[in-house]
Protein chains: 2
Amino acid sequence: MSTRSRSARRAVGITEVARHAGVSPGTVSNVLNRPERVAEATRLRVEAAIAELDYVRNSSGSSLRSGRSESVGLLVLDVTNPFFTEVARGVEDEAAASGLAVVLLNSAEARQRQRRNVRLLAEQRAAGAVVMPVDDDLSDLLWLSRQGTSWVALDRGDVAEDVGCSVSVDNHEGGRAAGRHLIGLGHERVTFLTGPFAIEQVRRRHEGLRAAFEEAGLDPEGAVRVVEQPLLNPEQGERAVDAVLAGGPRQRPQAVFCANDQLALGLMKGLGQRGLRVPEDVSVVGYDNLDFADLVHPGLTTVAQPKYELGREAMRLLDSELNDPQHVHERVLFTPELVVRGSTAVYRA
Amino acid sequence: MSTRSRSARRAVGITEVARHAGVSPGTVSNVLNRPERVAEATRLRVEAAIAELDYVRNSSGSSLRSGRSESVGLLVLDVTNPFFTEVARGVEDEAAASGLAVVLLNSAEARQRQRRNVRLLAEQRAAGAVVMPVDDDLSDLLWLSRQGTSWVALDRGDVAEDVGCSVSVDNHEGGRAAGRHLIGLGHERVTFLTGPFAIEQVRRRHEGLRAAFEEAGLDPEGAVRVVEQPLLNPEQGERAVDAVLAGGPRQRPQAVFCANDQLALGLMKGLGQRGLRVPEDVSVVGYDNLDFADLVHPGLTTVAQPKYELGREAMRLLDSELNDPQHVHERVLFTPELVVRGSTAVYRA
DNA sequence: CACTCGGATTGAAACGTGTCAATGACTGGC
DNA sequence: GCCAGTCATTGACACGTTTCAATCCGAGTG
C-alpha cells in the first residue's frame with residue numbers, strides 16, 4: 001500500500017513474482033498452468049506473491065510462446081439483429097464453460113469487413129472461430145483454415161463436410177411448415193415476401209413453401225407469388241405493402257409468408273395503415289420468432305429457430321475440434337418449429 | 001503454388017520475409033509500421049515478398065514488444081439488448097476509422113462477469129475500453145486504470161471527472177420531458193413502471209418525472225405512483241399489469257410512464273389482454289425509442305436517446321485519451337428527445 | 001551404504017516483433 | 001577530391017512467457 005500511486009507504472013512479470021517467492025520463473029509458470037506438478041507448499045508461496053504484487057498475466061507473452069491464444073472469435077453478420085445476438089449468448093455461455101474468451105466481431109453484412117475481421121483473427125492467432133458467412137463465397141474461411149485457425153460455420157448448411165463443421169437450421173423444412181399451416185387454413189394464394197434471393201437461407205425457405213403446395217396437390221406456380229426487397233428489415237416490409245397488394249382485391253394474396261419477422265412486422269404496420277386487418281383480411285407468417293413477435297397485436301405466427309441452442313452447439317463443435325485429436329467435421333441440422341399466434345386465421349372469401 | 005497443401009504449416013515471420021526480400025528484419029518492420037522511412041524501391045520489394053509468402057503479422061509479438069495492443073474493449077451490459085447493440089455500432093464505426101479493432105465483451109448484467117472481462121482486457125493489455133458499468137461500484141474500472149488501460153464510461157453520468165471520461169444522456173431531462181407531455185395532455189395520475197431503483201438511470205428518470213409535476217404546480221406525492229419490477233424486460237412489463245391497475249377503476253392511473261420500451265411493450269400487451277385500450281383508456285410512454293416502438297399498434301410514444309451517437313462519442317473520447325498527450329477527462333451529456341406517437345392521448349374521464 | 005527411482009525445481013533457449021544506436025551509401029558544396 | 005550531411009538500412013537486444021532437458025533431493029530397496 002505505498003503511495004507511489006500513479007507514476008512509475010511497474011511491469012510485474014512472472015520473473016518478479018518468482019524472485020519475490022524465492023523460486024524460479026519456470027515454477028511460477030507451472031503454478032499458473034499446471035498446478036498439479038508443483039508441491040503444495042511452494043504453490044501457496046507463489047500464489048501469495050501473485051496476490052501481493054497484483055500480478056496479471058500478459059497474454060501476449062504466453063500466446064507468443066505457445067503459438068496460440070486462448071480466445072475464439074465470433075463473426076456475426078450484424079450485432080444489431082436480435083437473431084444473432086441470441087446466438088451470441090449461446091456461444092458465450094458455452095465458451096465460458098470451456099474457459100475460452102469470446103471476441104465478438106461485426107461484419108455489418110459487408111464482405112470487405114468480414115475479410116478484415118478474419119484477418120484480425122489470424123493475426124491474433126485465435127484458437128478458433130464461429131462464423132456466419134456474409135455470402136456463398138467461403139474463400140475467407142478456407143484461407144483461415146490454411147492459417148491454422150479452425151472454425152464452425154453457422155446457419156450455412158451447404159458447407160461440405162471435408163472443409164469444416166457447420167450447424168444450421170433446416171430452412172426448407174421451415175418454409176414447408178409455414179406453407180402447410182397456411183394451406184390447412186384454406187389459403188391458396190400466398191405471397192412470399194423476402195430479401196435478396198442471393199441469400200441461401202431465404203431461397204430454401206421459398207423452396208420449402210412451394211414444396212408444401214406441391215404436396216397438397218396445388219400448383220405452386222399459380223399459388224405462390226414473390227415480392228423481393230433489397231433488405232430484410234422492418235422498413236422494407238412496410239415499403240413492400242404496395243407491391244404485395246398490387247392487382248386489386250381480386251388478385252390480393254390471402255396470406256403473406258415473410259422471410260423474417262422484421263419484414264413481417266413492417267408489413268403488418270403497412271397493412272394497418274391501408275386499413276387492412278390481420279388476420280381477417282390477410283394472414284401473416286414470419287420467421288425467427290423474435291421476442292417482439294409475441295408483443296405485437298395480433299401476435300405474429302412465425303417459424304421459431306433454436307437460436308440460443310444454435311450458438312451453444314456451434315461452440316461445442318468448435319471445442320471438440322480444438323481438443324479432440326480424432327475430431328471429424330460434422331454437419332448439425334436443427335429442425336425449426338412453427339409457433340401459431342393470432343396473425344393467421346382460416347380464410348374466408 | 002506447390003502441393004504441400006495441408007501438412008507442414010509454416011511459421012512465416014518477419015525474418016523469413018526479410019530473407020526473401022534480401023533485407024533485414026528491421027526494414028520489414030519499418031515497412032509495416034513506418035513506411036515513410038523506407039525507400040520506395042525496397043518497400044515494393046518487401047511488399048512483394050509479403051504477398052508472395054502470404055505473411056500475416058503476429059500481433060502477440062508486436063504487442064509484447066510494444067507493451068500495448070491495437071484493440072479496444074467494449075464492455076456491454078447485455079448483447080441481447082437493442083439499446084446496447086446500437087451503441088456498439090457507433091463504437092465500431094468510429095474505431096474502424098481510427099484503425100482500432102473492437103472486441104465486444106458481454107457482462108450479462110453480472111458483476112462477476114464484468115470483473116472477469118475487465119481482467120481479460122488487462123491481460124491483453126488492451127489499448128483502452130468503453131464500458132457500461134453494471135452498477136455504482138467503479139472499483140473494477142479504477143483497477144483497470146491502475147493497470148494502465150484507460151477507459152470511457154458509458155451512460156453513467158456520475159463518474160467524477162478526475163477518474164475518467166464519461167458520456168451519457170440526461171435521464172432527468174428525459175423523465176421531465178415525458179412528464180410534461182403527459183401533464184399537457186391532462187393526465188394527473190400517472191404510474192412510473194420501472195426496474196430496480198438500484199439502477200441510477202431509472203432513478204433519475206423518476207426524479208425528472210416528479211420534477212415536471214412540481215413545475216406544473218402539482219404534488220408529485222399524490223400524482224406519481226411507482227411499480228417496481230426486478231428486471232427491465234417485456235415479460236416483467238406484462239406481469240406488472242395487475243399491480244399497475246390495482247385499486248380499481250377509480251384509482252387506476254390515467255397514464256403509465258415506463259422506464260424503458262421493453263417494459264412498455266410488455267405492459268401494452270397485458271393491457272390489451274385485460275380489454276383496456278391504449279390510449280383511450282390509458283396512455284403509455286416508453287423510453288429508448290427502439291426500432292420496434294414504431295412497429296406496434298398504436299405506435300409507442302417514447303423518449304429517444306441518440307444511441308449510435310453515444311457510441312461514436314465515447315470512442316472519440318477514448319481515442320483522444322489514447323493519442324492526445326494533453327487530454328483531460330471530459331463529461332459529455334446528450335439531451336434526449338421525446339417522440340410522440342399514438343400511445344398517448346388527451347385524458348378523457 | 002550404495003544405488004535407483006520419482007517427483008520437484010531449475011535454467012536457458014526459444015517465440016516474433018519493435019526500437020535504436022550505429023553503419024553505410026550517396027549527394028552536393030567547397 | 002574531400003568533407004559534412006542526409007537518408008536508408010542494419011544488427012542486436014528486449015519484451016514476458018512456455019517448454020524441456022537437466023539437476024537436485026529424499027525416500028525406498030537390495
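Values reported hereafter were calculated over all heavy atoms of this structure, with side chains retained and with hydrogens, waters and symmetry mates removed. Quick note on labels: first sequence line is chain A, next is B, and so on, each numbered from 1.
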Side chain to side chain donor-acceptor pair (under 3.5 Å), that's the test. Do B:Ser166 and B:Ser168 meet it? Break it down for me. CA-CA 7 Å; B:Ser166 72; B:Ser168 45; 4.9 Å; no
Below 3.5 Å between N/O atoms, which protein atoms pair up with nucleotides 23-26 of chain D? Just atom names and distances, please.
none

B:Leu64 CG to C:dT19 P, straight-line distance once rounded to whole Å: 12 Å
Donor-acceptor pair, side chain of B:Ser63 and main chain of B:Ser59, under 3.5 angstrom: yes
Given D:dT17, C:dG18, C:dT17, which nucleotide is nearest the side-chain atoms of B:Asn58? C:dT17
With A:Leu75 via side-chain contact (heavy atoms from CB on, under 4.5 Å) - residues at least two apart: A:Leu105, A:Ser107, A:Gln114, A:Asn117, A:Val118, A:Leu121, A:Val131
B:Arg57: which of B:Val17, B:Ile50, B:Asn33 passes side-chain contact (heavy atoms from CB on, under 4.5 Å): B:Asn33
Check nucleotides 9-13 of chain D for protein N or O atoms closer than 3.5 Å to its own N or O atoms and list the pairs.
unit_1	atom_1	unit_2	atom_2	d
D:dT9	OP1	B:Thr42	OG1	2.7
D:dT9	OP2	B:Ala39	N	2.9
D:dT9	OP2	B:Thr42	OG1	3.3
D:dT10	OP2	B:Ser24	N	2.9
D:dT10	OP2	B:Ser24	OG	3.4
D:dT10	OP2	B:Thr27	OG1	2.6

Would you call A:Glu86 and A:Arg89 a salt bridge, using N to O less than 4.0 angstrom? yes
Whole angstroms only, please: what is the CG-P distance between B:Asn33 and C:dG16? 17 Å
d(CD, B:Glu123; P, D:dC15) in whole Å: 20 Å
Whole-Å gap separating C1' (D:dG16) and CD (A:Glu16): 13 Å
According to a strict under-4.0 Å criterion, is B:Arg34 in side-chain N/O contact with OP1 or OP2 of C:dT19? yes
Do B:Asp93 and A:Arg113 meet the salt-bridge criterion of a basic N to acidic O distance under 4.0 Å? yes
Taking D:dT18, C:dG18, C:dT17 as options, the one with an atom nearest any side-chain atom of A:Ile14 is D:dT18
